[in-house]
Chemist: 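Okay, handing you the structure first.
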Amino acid sequence: MLPMRELRVNESESGNYIEGHAAVFDSWSETLGGIFPFQEIVRKGAFNESIGRDDIRALFNHDPNYVLGRNRAGTLELVEDEVGLRVRILPPDTSWAKDLQESIRRGDINQMSIGFIVEDDKWSTRDGMDVREIRKVQLFDVSPVTFPAYTATDVGVRAMEEYNGYKAEQRSKAEEAEKTAEKAKQQAKLKGLQTKFKNI
């Protein structure tokens, strides 16, 4: 999962708010990808355009049947601060939302996950590990989650597809470089033989 910080319930005159950071900038994710491991990092500015443009929901466990808030309804506030993507949700006055708040207060649920599509990124290698720098995303939802199983989501599937594409490109480049080196080696060998026979 992508790094996050606190998830809490705060009380105010207008009601209770669920607050926290759904993503933290410049902090490496857990190792993703299973047998083909890689890590991700989110850069500041990755969410700004989407926050101002897209219709984003706050859900519970990424389930569209449990809508906690929506930015266009004024019940979900999203902003980039110095830490990361800060979330402030005004949940509905429903029994399930109250139950969720109690679970957050108790610490039973203390993590978040985000649903997004990467629009701009860069793959590279760091300390022998393939890494992905996320620079711009289209954000769909922010969700308090029971299990932040990032790689099991559609987002994780898309990330793996992009990662496999990156690895295929790297293999192709390596194979091409190997062929070029072998060709140069054969040409040098042939040139050496030609020089040898010329001098006989």
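From a predicted model like this one, the values you see are computed outputs, not experimental measurements.
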Chemist: Is there a donor-acceptor contact under 3.5 Å linking the side chains of Asp63 and Asn65?
Modeler: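 Yes, because at least one side-chain N or O of Asp63 sits under 3.5 Å from a partner of the opposite role on Asn65.
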Chemist: Measuring from Asp93:CG to Lys98:NZ, what's the distance to the nearest 0.5 Å?
Modeler: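 The NZ atom of Lys98 is 4.0 Å from CG of Asp93, to the nearest 0.5 Å.
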Chemist: Look at the side chain of Asn16 and the backbone N and O of Val9, then say whether any donor-acceptor pair between them is shorter than 3.5 Å.
Modeler: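 Absent.
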Chemist: In terms of the angle between their ring planes, are Phe60 and Trp96 parallel, tilted or perpendicular, with boundaries placed at 30° and 60°?
Modeler: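 The rings of Phe60 and Trp96 lie parallel, inter-plane angle below 30°.
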Chemist: Are Val142 and Val79 linked, directly or through other ILVMFWY residues, by side chains that come within less than 4.5 angstrom of each other?
Modeler: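 Shared cluster, no.
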Chemist: Please check if the side chain of Ser113 supplies one atom and the backbone of Ser143 the other of a donor-acceptor pair under 3.5 Å.
Modeler: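 Flag not set: sc Ser113 to bb Ser143 has no pair under 3.5 Å.
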Chemist: Look up atom CE in Met112 and atom CD1 in Ile89, then write down how far apart they are to the nearest 0.5 Å.
Modeler: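 Rounded to the nearest 0.5 Å, the CE-CD1 separation comes to 4.5 Å.
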Chemist: How far does CD of Gln39 sit from OG1 of Thr31, to the nearest 0.5 angstrom?
Modeler: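 OG1 of Thr31 is found 4.0 Å from CD of Gln39.
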Chemist: State the CZ-CD1 distance between Phe25 and Ile41, to the nearest 0.5 angstrom.
Modeler: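 That separation rounds to 11.0 Å.
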Chemist: Verify, without hydrogens or angle tests, whether Asn71 (side chain) and Asp54 (backbone) share a donor-acceptor contact under 3.5 angstrom.
Modeler: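 Looks like yes, one N/O pair under 3.5 Å.
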Chemist: In plain terms, say whether Arg70 and Asp55 are close enough for a salt bridge, that is, a side-chain N and a carboxylate O under 4.0 Å apart.
Modeler: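 Here Arg70 pairs with Asp55 in a salt bridge, since their nearest N and O are under 4.0 Å apart.
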Chemist: Could you check if a side-chain atom of Met129 sits within less than 4.5 angstrom of a side-chain atom of Asp127, using non-hydrogen atoms only?
Modeler: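 The answer is no; the side chains never approach within 4.5 Å.
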Chemist: Let me see the working for Val24 and Val42 under side-chain contact (heavy atoms from CB on, under 4.5 Å), right down to the final yes or no.
Modeler: CA-CA 7 Å; Val24 177; Val42 181; over 6 Å; no
Chemist: What's the verdict on side-chain contact (heavy atoms from CB on, under 4.5 Å) for Thr75 and Val67, showing C-alpha distance, side-chain angles and the deciding distance?
Modeler: CA-CA 10 Å; Thr75 54; Val67 181; over 6 Å; no
Chemist: If I compare all heavy atoms of Pro144 with all of Leu59, which pair ends up nearest, and what's the gap?
Modeler: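 Nearest heavy atoms, Pro144 then Leu59: CD-O, 3.1 Å.
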Chemist: Could you check whether any side-chain heavy atom of Arg43 comes within less than 4.5 Å of a side-chain heavy atom of Asp26, counting everything from C-beta outward?
Modeler: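 Contact flag for Arg43/Asp26 side chains = yes.
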Chemist: Is the side chain of Ser50 donor-acceptor paired with the backbone N or O of Leu139 at a distance under 3.5 Å, no angle test?
Modeler: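 Present.
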Chemist: Locate the shortest heavy-atom distance separating Gly69 from Leu76; write the atom from each residue and the value.
Modeler: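 Taking Gly69 first and Leu76 second, the nearest heavy atoms are C-CB, 4.0 Å.
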Chemist: Using a 3.5 Å distance criterion without hydrogens, assess whether the side chain of Glu77 forms a donor-acceptor pair with backbone atoms of Arg88.
Modeler: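 Between the backbone of Arg88 and the side chain of Glu77 there is no qualifying donor-acceptor contact (under 3.5 Å).
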Chemist: Can you tell me if Asp81 uses its side chain to pair, donor with acceptor, with the backbone of Val83 under 3.5 Å?
Modeler: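 Pair found, side chain donor or acceptor close to backbone of Val83.
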Chemist: Is Asp120 salt-bridged to Lys122, cutoff N-O under 4.0 Å?
Modeler: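 Answer for the salt bridge query: no.
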Chemist: To the nearest 0.5 Å, what is the distance between CZ on Arg57 and NE2 on His62?
Modeler: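 Reported value, rounded in 0.5 Å steps: 15.0 Å.
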Chemist: How about Arg53: does its CZ atom have over 12 heavy atoms from other parts shown lying under 6.0 Å from it?
Modeler: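 Atom CZ in Arg53 is packed in, count exceeds 12.
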Chemist: Starting at CZ of Arg8, measure out to CG of Asn110 and round the result to the nearest 0.5 Å.
Modeler: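 One gets 13.0 Å once the value is rounded to the nearest 0.5 Å.
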Chemist: Is there a donor-acceptor pair closer than 3.5 Å between any side-chain N or O of Glu80 and the backbone N or O of Gly45?
Modeler: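 The answer is yes, because a donor-acceptor pair under 3.5 Å joins these two groups.
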Chemist: Check this for me, if you would: do Glu176 and Lys173 make a salt bridge, where the nitrogen-to-carboxylate-oxygen distance has to be below 4.0 angstrom?
Modeler: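 No salt bridge links Glu176 with Lys173.
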Chemist: Compare every heavy atom of Pro92 with every heavy atom of Ala97, then report the nearest pair and how far apart it is.
Modeler: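 Nearest heavy atoms, Ala97 then Pro92: CB-O, 3.4 Å.
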Chemist: Could you go step by step and tell me if Leu68 and Leu100 meet the side-chain contact (heavy atoms from CB on, under 4.5 Å) rule?
Modeler: CA-CA 10 Å; Leu68 289 163; Leu100 172 61; 3.7 Å; yes
Chemist: Please confirm whether the backbone N or O of Ile134 pairs with a side-chain atom of Glu40, one donor and one acceptor, at under 3.5 Å?
Modeler: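 Such a contact is absent between Glu40 side chain and Ile134 backbone.
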Chemist: Is there a side-chain contact (heavy atoms from CB on, under 4.5 Å) between Glu178 and Glu182? Walk through the geometry before answering.
Modeler: CA-CA 6 Å; Glu178 189 177 337; Glu182 182 62 27; 5.7 Å; no
